[in-house]
Amino acid sequence: MSTYIIKGARILGGEPAGILVRDGVIAEVGTGLDETGAQVVDADGLVALPGLVDLHTHLREPGREDAETVESGTKAAAMGGYTAVHAMANTDPVADTAGVVEQVWRLGREAGYCDVQPVGAVTRGIAGEKLAELGAMADSAARVRVFSDDGHCVSDAVIMRRALEYVKAFDGVVAQHAQEPRLTEGAQMNEGETSAALGLRGWPAVAEEAIIARDVLLAQHVGSRLHVCHVSTAGSVEIIRWAKSKGCPVTAEVTPHHLLLNDGKAGTYDPIFKVNPPLRTADDVTALRHALADGTIDCVATDHAPHPVEAKETEWAVAAMGMIGLETALPVVQEAMVETGLLDWAGVADRMSRRPAEIGRLSGQGRPLEAGSPANITLYDPSPRRAVDPSAMTSKSRNTPFAGLELPGRVIATFLRGEPTVLEGKLQ
């Protein structure tokens with residue numbers, strides 16, 4: 001393996017220091033580092049972060065390779081500073097067996113741009129009726145520890161309780177897509193003044209909040225780990241805050257787009273802004289930002305949801321829900337959280353690396369940038385501002401809601417266990 005000296009990096013935004021990377025591990029951190037034969041990376045002015053970890057990525061393979069593949073999605077992840085992603089289960093076939101999760105895991109290893117940790121389905125075919133092969137997926141080569149029917153809510157309380165009980169045996173976590181289906185039939189966007197003005201069927205906040213309230217009580221009763229996907233409302237934040245105050249084993253994530261955009265974007269009727277859960281109000285955005293800052297929401301997860309052009313460039317009512325986000329996540333978090341003073345770079349590292357790695361049980365990820373840690377490193381330049389250009393993205397899909405929006409920052413390099421997947425802003 002190659003040896004690198006990263007010179008002048010500001011670790012977590014602190015004072016400049018050098019990082020010596022040898023044999024895939026951080027060998028030394030300090031000033032005046034030197035080693036014969038080492039390749040030097042000039043990181044003057046760059047922020048060094050532990051490699052980012054995403055708990056919620058849709059890689060679409062197998063079945064929807066027209067939108068994304070494991071290879072294209074992990075390339076996009078590397079360009080966004082990620083060294084590990086969790087691949088959601090709503091593929092075709094669904095990742096509800098040991099065979100499918102092992103296929104996704106092996107595709108990730110072959111691609112080599114970041115670690116791919118498959119998420120297993122909670123129920124067979126994500127149909128919500130019978131538990132999937134949770135134990136077999138946990139015992140597989142993929143060592144699945146996170147289970148989710150994302151895209152569908154596990155709405156049956158008995159099934160949800162059984163899933164929570166089952167995963168306790170191997171320290172697993174059930175990640176819930178909180179959406180009461182009966183309250184959201186035909187819903188198109190957030191229920192409120194904007195939906196009424198636009199004549200689009202509303203998606204009430206209570207549809208999310210009711211499921212979260214039920215599930216935190218179930219998790220507390222069972223004594224099992226619950227993770228709440230893509231929290232989007234101020235009411236959800238208060239329920240999670242109450243649950244944590246009672247010692248409930250619950251964690252939660254928020255997406256970059258819910259930290260920056262609100263339901264006013266739907267006023268254009270542009271389906272690029274159609275997403276599940278929907279963009280909420282400006283007050284919800286404020287509540288989500290403060291909840292991420294105070295730790296009520298544990299982490300940022302992209303919910304990277306690629307779609308082919310024809311699925312989004314159509315009328316709102318039939319357009320697919322979802323947005324891509326791997327390549328813009330860190331700039332959006334800088335804009336929404338760092339530039340506003342709500343988080344410093346140490347806080348960003350905590351919410352985008354350490355905590356998601358801990359929740360997903362990835363022991364080799366999210367480690368501090370210190371001697372002995374795996375050399376999973378992101379070098380980020382927070383200075384430049386530029387307009388988001390979908391055509392310049394690495395993902396196979398272009399459905400970014402940030403097209404044309406000026407955002408700060410740029411990932412300059414990403415190291416995965418000491419080997420660069422991105423250098424000088426380019427894939428290696």
ask   = Do Glu102 side-chain atoms and Ala141 backbone N/O form a donor-acceptor pair below 3.5 Å?
value = yes
task = Please answer whether the main-chain N or O of Ala77 pairs with a side-chain N or O of Thr74 as donor and acceptor at a distance below 3.5 Å.
result = no
inquiry  = How long is the straight-line distance from CD of Glu71 back to NZ of Lys396, given to the nearest 0.5 Å?
reply    = 10.0 Å
query = Is the shortest heavy-atom distance from the side chain of Phe402 to the side chain of Pro331 under 4.5 Å?
reply = no
query = After noting the C-alpha distance and the side-chain angles of Val41 and Tyr4, does the key distance pass the side chain to side chain contact (heavy atoms under 4.5 Å, CB included) rule?
reply = CA-CA 7 Å; Val41 176; Tyr4 292 88; 3.9 Å; yes
query = Under a 4.0 Å N-O cut-off, is there an ion pair linking Glu253 with Arg355?
reply = no
ask   = Judged by modelled atom types alone, do Gln365 and Thr83 share a side-chain donor-acceptor pair under 3.5 Å?
value = yes
query = Quick one: does Phe273's side chain get under 4.5 Å of Met189's, heavy atoms only?
reply = no
task = Calculate, to the nearest 0.5 Å, the distance between atoms CD1 and CG belonging to Ile324 and Asp303 respectively.
result = 12.5 Å
inquiry  = Is a donor from one side chain sitting under 3.5 angstrom from an acceptor on the other, for Asp149 and Thr123?
reply    = yes
inquiry  = Checking Ser236 against Glu208: is there a side-chain donor and acceptor pair closer than 3.5 Å?
reply    = yes
task = Report yes if the side chains of Asp42 and Glu424 come closer than 4.5 Å at any heavy-atom pair, otherwise no.
result = no
remark   = Value for CG (Leu46) from OG1 (Thr378), rounded to nearest 0.5 Å, stands at 11.5 Å
inquiry  = If you compare all heavy atoms of Gly13 against all heavy atoms of Val47, which two are closest, and at what distance to 0.1 Å?
reply    = N-CG1, 3.8 Å
query = Which pairs count as ring-ring contact (aromatic ring centres under 6.0 Å, His included) when at least one residue sits in residues 84-123, sequence neighbours excluded?
reply = none
request  = Starting at CG of Asp150, measure out to NE2 of His152 and round the result to the nearest 0.5 Å.
outcome  = 10.0 Å
request  = Take atom CD of Glu15 as the centre, draw a 6.0 Å sphere, and report whether it contains more than 12 heavy atoms from other residues, nucleotides or ligands.
outcome  = no
ask   = Distance only, no hydrogens: is a donor on one side chain within 3.5 Å (strictly under) of an acceptor on the other, for Asp263 and Thr281?
value = no
request  = Using modelled atom types only, decide if a donor and an acceptor are shared between the side chain of Arg351 and the backbone of Leu292 within a distance under 3.5 Å.
outcome  = yes
ask   = Under 6.0 Å from the CZ atom of Arg385, do we count more than 12 heavy atoms belonging to anything else shown?
value = yes
message = So that I can tick it off, tell me whether Lys244 and Asp298 are bridged by a salt bridge, with the cut-off set at under 4.0 angstrom between side-chain N and carboxylate O.
response = yes
Shortest non-hydrogen contact between Thr400 and Pro390, atoms and distance = CG2-CG, 3.7 Å
message = Closer than 4.0 angstrom, basic N to acidic O: yes or no for Asp294 and Arg241?
response = yes
message = Quick check for you: to the nearest 0.5 Å, what is the distance between Asn276 atom CG and His230 atom NE2?
response = 6.0 Å
key: Side-chain touch Pro374/Arg367, heavy atoms, less than 4.5 angstrom   = yes
inquiry  = One thing to verify: whether Glu68 and Arg64 come together as a salt bridge, which I'm taking to mean a side-chain N less than 4.0 angstrom from a carboxylate O.
reply    = no
key: From CA spacing to verdict: side chain to side chain contact (heavy atoms under 4.5 Å, CB included), Glu419, Met1   = CA-CA 8 Å; Glu419 292 298 327; Met1 299 183 73; 3.8 Å; yes
query = Can you tell me if Gln117 uses its side chain to pair, donor with acceptor, with the backbone of Ala142 under 3.5 Å?
reply = yes
task = Flag the pair Ile297 / Thr251 as yes when at least one side-chain heavy-atom distance between them is below 4.5 Å, and no otherwise.
result = no
Leu59 backbone acceptor or donor facing Thr57 side chain under 3.5 Å = no
ask   = Do Leu49 and Leu12 pass the side chain to side chain contact (heavy atoms under 4.5 Å, CB included) test, and can you show the C-alpha distance, the side-chain angles, and the key distance before you say yes or no?
value = CA-CA 6 Å; Leu49 301 169; Leu12 306 186; 4.1 Å; yes
query = Can any side-chain N or O of Arg22 pair as donor or acceptor with the backbone N or O of Ala27 at less than 3.5 Å?
reply = no
Whether Asn399 side chain and Ala305 backbone form a donor-acceptor pair below 3.5 Å = yes
message = Quick test of your reading of the model: are Asp171 and Arg145 salt-bridged, counting only N-O distances below 4.0 Å?
response = no
inquiry  = Test salt bridge (Lys or Arg N to Asp or Glu O under 4.0 Å) on Lys265 and Asp270; report intermediate values, then the result.
reply    = CA-CA 8 Å; Lys265 290 291 184 180; Asp270 186 345; over 6 Å; no
query = Is there side-chain contact between Ile377 and Thr414, with at least one heavy-atom pair below 4.5 Å?
reply = no
query = Just wondering, do Gln176 and Cys153 contact through their side chains at under 4.5 Å, heavy atoms?
reply = yes
message = Between the side chains of Arg60 and Asp92, is the shortest nitrogen-to-carboxylate-oxygen separation below 4.0 Å, so that they form an ion pair?
response = no
request  = State, to 0.1 Å, how close Leu226 and Val173 come at their nearest heavy-atom pair, and which atoms those are.
outcome  = C-CG2, 4.0 Å
remark   = Sorted by chain and residue number, the salt bridge (charged side-chain N to carboxylate O under 4.0 Å, His left out) partners of Arg161 (sequence neighbours excluded) come out as Glu165
ask   = So, His307 versus Ser397: side-chain donor-acceptor pair below 3.5 Å or not?
value = no
remark   = Here the gap from Glu370 atom CD to Ser373 atom OG, rounded to the nearest 0.5 Å, amounts to 4.5 Å
key: Qualifying residues under side chain to side chain donor-acceptor pair (under 3.5 Å), relative to Ser383, sequence neighbours excluded   = Asp381
message = Given 3.5 Å as the limit, does a donor-acceptor pair link the side chain of Ser353 with the main chain of Asp350, or not?
response = no
inquiry  = Hydrogens and angles aside, do Asp54 and His304 bring a side-chain donor and acceptor to less than 3.5 Å of each other?
reply    = no
Donor-acceptor contact present, side-chain Gln428 to main-chain Lys426, <3.5 Å = yes
ask   = So which heavy atom on Ile159 is nearest to which on Glu129, and how close?
value = CD1-O, 3.2 Å
request  = Check whether any side-chain heavy atom of His258 lies under 4.5 Å from a side-chain heavy atom of Thr255, and answer yes or no.
outcome  = yes
message = Donor-acceptor pair, distance only, cut-off 3.5 Å: does the side chain of Thr394 make one with the backbone of Lys75?
response = no
query = Should Arg106 and Glu110 count as an ion pair when the cut-off is N to O under 4.0 Å?
reply = no
task = Indicate whether any N or O donor in one side chain lies under 3.5 Å from an N or O acceptor in the other, for Gln334 and Glu339.
result = yes
request  = Go through the steps for Arg361 and Arg225 under the test side chain to side chain contact (heavy atoms under 4.5 Å, CB included), then give the verdict.
outcome  = CA-CA 12 Å; Arg361 293 301 189 257; Arg225 294 198 299 138; 3.3 Å; yes
task = Could you verify whether a donor N or O on one side chain and an acceptor N or O on the other, from Thr233 and Arg280, lie under 3.5 Å apart?
result = no
task = Verify the distance criterion only: is there a donor paired with an acceptor across the side chains of Thr69 and Glu61 at less than 3.5 Å?
result = no
